[in-house]
A.B. asks: 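Below you will find the structure I want to go over with you.
So you know, we letter chains A, B, ... as the sequences are listed, proteins then strands, and number each from 1. These numbers come from the heavy atoms of this one structure, side chains and all, not from hydrogens, waters or symmetry mates.
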2 protein chains.
Amino acid sequence: MDQLDELYTALRETGYRLTPQRMMILDVIRHRTGHITAEQIHSAVVDTYPYLDISTVYRTLELLKDLHLISETKLGGGVTQYEYKVGKKPHHHLVCRKCGETISLGVQVLQPVEHLLLEEYGFQVDFDHLAIFGRCAHCL
Amino acid sequence: MDQLDELYTALRETGYRLTPQRMMILDVIRHRTGHITAEQIHSAVVDTYPYLDISTVYRTLELLKDLHLISETKLGGGVTQYEYKVGKKPHHHLVCRKCGETISLGVQVLQPVEHLLLEEYGFQVDFDHLAIFGRCAHCL
DNA sequence: CTTATAATTGCAATCAATTGCGATAAGCCA
DNA sequence: TGGCTTATCGCAATTGATTGCAATTATAAG
Ligand SMILES: [Mn+2]
Ligand SMILES: [Mn+2]
Ligand SMILES: [Zn+2]
Ligand SMILES: [Zn+2]
């Protein structure tokens with residue numbers, strides 16, 4: 001089963017439909033290594049399909065999040081970043097408020113907290129591709 | 001020294017000015033126990049001073065954050081919440097993605113992570129009145 | 001293949017928040 | 001007190017993102 005079938009199946013299972021817009025949008029996200037913004041996705045697709053509206057991009061991003069195919073994070077700078085997740089190592093980011101540098105962080109760093117909150121409060125936290133703000137070593 | 005003198009001094013030390021708008025805005029925030037939105041602050045002040053613009057509210061909130069008098073947090077629902085900090089116990093919030101319930105959380109829960117990130121990465125995180133999203137015990 | 005149904009789209013309007021700019025006024029000094 | 005400097009304000013425009021709605025179209029049924 002290739003990537004298109006994979007998307008098609010994932011969508012059909014939950015009553016969604018496979019549309020050209022969704023294929024094109026996912027395709028752009030998948031071909032990017034690292035983060036991408038809604039505006040960048042839109043302008044990439046518009047090159048070949050000029051009628052795509054930015055609202056369709058946002059609605060599709062919402063859908064792809066629900067299907068756990070992408071993550072969404074605000075890394076500062078006022079624009080939200082999206083990233084393709086399938087087959088990649090889950091991670092968070094440290095973001096320096098002064099110089100803007102971002103450092104990748106393995107998910108294990110926050111796992112003790114996740115367990116503690118589940119034990120103490122019965123609360124199942126939802127830590128996925130977090131942005132943790134502060135001062136980097138260089139800026140301290 | 002009363003609260004007004006306190007604000008005046010804090011402002012003057014850093015070259016800022018004490019204006020009626022800033023006094024009125026801080027006053028509204030101070031009299032609220034718990035969270036308040038920019039729109040609520042604006043509409044409260046406008047009752048007595050109709051010319052206040054919402055942009056002045058946002059600019060003042062930015063300033064009060066820099067002076068560490070208030071905290072800012074997105075608790076979900078698309079509107080940012082502000083809270084007066086002085087003399088209150090610092091805390092975070094657990095926010096349930098399903099039912100919307102928010103639970104207060106002592107800051108000590110995240111301190112091990114803060115220390116770890118400082119040790120391992122030399123990164124000084126900036127954890128202040130965080131919103132931690134997930135599922136509450138009742139919704140699991 | 002044709003038709004029916006309902007999910008999805010494009011578009012325009014809207015929302016929360018931010019920014020540029022000329023007018024105003026707070027703080028400082030004579 | 002009165003004038004100077006420049007921080008701050010109100011206003012309008014803009015930004016990133018969301019929403020309501022009528023038109024379109026992906027899918028299922030005949
Ligand atoms: Mn990432
Ligand atoms: Mn709080
Ligand atoms: Zn830095
Ligand atoms: Zn809940």
A.B. asks: Rounded to whole angstroms, how far apart are NE2 on A:His42 and P on D:dA17?
C.D. replies: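 From A:His42 NE2 to D:dA17 P: 13 Å.
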A.B. asks: When you check the side-chain N and O atoms of A:His129 and A:His91, is any donor under 3.5 Å from an acceptor?
C.D. replies: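 Yes, a side-chain donor-acceptor pair sits under 3.5 Å.
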A.B. asks: Just by distance, with hydrogens left out, do B:Arg12 and B:Tyr16 show a side-chain donor and acceptor under 3.5 Å apart?
C.D. replies: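 There is no such pair between these side chains.
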A.B. asks: Return no unless some side-chain N or O of A:Arg12 is found under 4.0 Å from OP1 or OP2 of D:dA26.
C.D. replies: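 Negative; the distance criterion is not met.
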A.B. asks: Looking at B:Arg59 and B:Glu62, is any side-chain nitrogen of the basic one under 4.0 Å from a carboxylate oxygen of the acidic one?
C.D. replies: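 Judged by the 4.0 Å cut-off on N to carboxylate O distance, B:Glu62 and B:Arg59 do not form a salt bridge.
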A.B. asks: Examine A:Leu75 and A:Ile103 and state if one hydrophobic cluster contains both, with Ile, Leu, Val, Met, Phe, Trp and Tyr joined whenever side-chain heavy atoms are less than 4.5 Å apart.
C.D. replies: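 Each belongs to a different hydrophobic cluster.
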A.B. asks: For each nucleotide in nucleotides 6-19 of chain C, reading 5' to 3', give B when a protein heavy atom comes within less than 4.0 Å of its base, S when such contact involves only the sugar-phosphate, and - otherwise.
C.D. replies: BBSBBB----SSBB
A.B. asks: Just how far, in rounded Å, is P of D:dA17 from CD1 of A:Ile41?
C.D. replies: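 Interatomic distance, CD1 of A:Ile41 to P of D:dA17: 10 Å.
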A.B. asks: Measuring from atom OG1 of A:Thr48 to atom CE of A:Met24, what distance do you get when rounded to the nearest 0.5 angstrom?
C.D. replies: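 So the OG1 of A:Thr48 and the CE of A:Met24 are separated by 6.0 Å.
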